[in-house]
Amino acid sequence: MNKFEKGVSPFIPKESDPAILEQIASLKDELKDDLVILGHHYQRDDVIRFADVSGDSLILSQKAAEMKKKHIVFCGVYFMAECADILSDEDQKVYLPDMRAGCSMADMANINDVEVIWKHLTSGTNDKIIPVTYINSSAEIKYFVGKNDGIICTSSNASRIFDWAMERGSKILFLPDQFLGMNTAISQGIPESEIFTLDRLPLAQKIKKSKVFLWNGYCSVHKRFTLNDVISRRNEYPGINIVVHGECTADVVKASDAFGSTSTIIKIITEAKKGSVWAVGTEQHLVQRLKKRFPDKTILPLSESGFQCVTMSLITPEKLLNTLKEIKTGSTEHEIRVDPEIKHYAKIALIRMLAL
Ligand code: SF4
């Protein structure tokens, strides 16, 4: 197991302390004129119940900017809070209840390494390379793509962003998720022989022949699902439908019936016929929530182990309460502030995406 695979653990539902929940509700009510709480789909139930808006990272950041509340508490991970800060106004403050709540995938693309690879690729071809980063990346990586005529994508709009990039260049450097990049490139009809995963430096000939260069990152949670999980579910439940997140490996995606973002998964399950049977390959908190929400459908995790994202789970009711108390006293201990220059170019890349 490498250091990034520590970011996943089997699903263990947590008990909440009713006294803590009561205090959050009362403090939230006290601060309501100036406060918005955002919750990602992968948060635990006793945290997400306090969210004014729940959704994926993009929807949450957009809402944060639109709602114009002075204090934005982001129950998610670090890059999401950074995104909210990039898109929000100067007088808005963004807080993350646990500063250690990072994302293993975002941590896999370090700006210095990216600059080295970029130099190698751009010096190996006269073709225009457009850098594209998945929103699950650090503010520095968003700055890098903004500064180099690139753009940001989410798992909902990756195909559209590929089109945008190919209209402006003839090659793409996709950061940091190799699997979302691979699945999108395949769905765009790009032959696998023209997709290069950057687990080593490509030679000049390879640079010329490749259309898409994939950074070697991945989500520690979604990478855990295997082709064997898909085959087992199909054997156990003949006729089962399988939907997985676009961060799963290409063999899992190819063997499934559908793939997409968390919002796509929710939409598919919501619109599915009563009585239908589904295996869902994504973070376990969302799978459990779907299961409760649709008792008229059979909803199973794709893997019995039901993986949860460890860093998302660092956000607990206790830490949410603590952050609300800090807001009341004016403390900035959990405030996320992106450096103004980084913010400037990162915002350009985000606005390019939002304009689409
Ligand atoms: S689920 Fe994966 S991509 Fe999302 S925060 Fe966790 S490690 Fe990052």
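Below, all heavy atoms of this structure are taken into account, side chains as well, without hydrogens, waters or symmetry copies. Atoms within each ligand, like the ligands themselves, are counted from 1 in listed order. Quick caveat, the model's predicted, so the values are computed rather than measured.
- Less than 4.0 angstrom separates some heavy atom of Glu247 from each of these atoms of ligand 1: 3 (S).
- Ring pair His222/Phe225 is tilted by interplanar angle, where 30° to 60° counts as tilted.
- Taking all heavy atoms of Gly102, Ser155, Ser313, Cys219 into account, the minimum distance to atom 1 (S) of ligand 1 is reached by Cys219.
- In summary, an N, O or S atom of Cys309 is located under 2.8 Å from atom 6 (Fe) of ligand 1.
- In this structure a side-chain-to-backbone donor-acceptor pair under 3.5 Å is missing from Asp34 to Leu31.
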Would you please test Ser220 and Ser104 for side chain to side chain donor-acceptor pair (under 3.5 Å) and show each step? CA-CA 7 Å; Ser220 331; Ser104 56; 2.4 Å; yes
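- Gln308 and Tyr42 form no side-chain donor-acceptor contact under 3.5 Å, judged by distance and modelled atom types alone.
- Using a distance-only test at 3.5 Å, with no hydrogens or angles considered, a donor-acceptor pair links the side chain of Arg233 to the main chain of Pro301.
- Contact atoms of ligand 1 toward Asn136: 3 (S) (distance under 4.0 Å to a heavy atom of the residue).
- Those atoms of ligand 1 with a heavy atom of Tyr42 less than 4.0 angstrom away are 1 (S).
- In summary, an N, O or S atom of Cys103 is located under 2.8 Å from atom 8 (Fe) of ligand 1.
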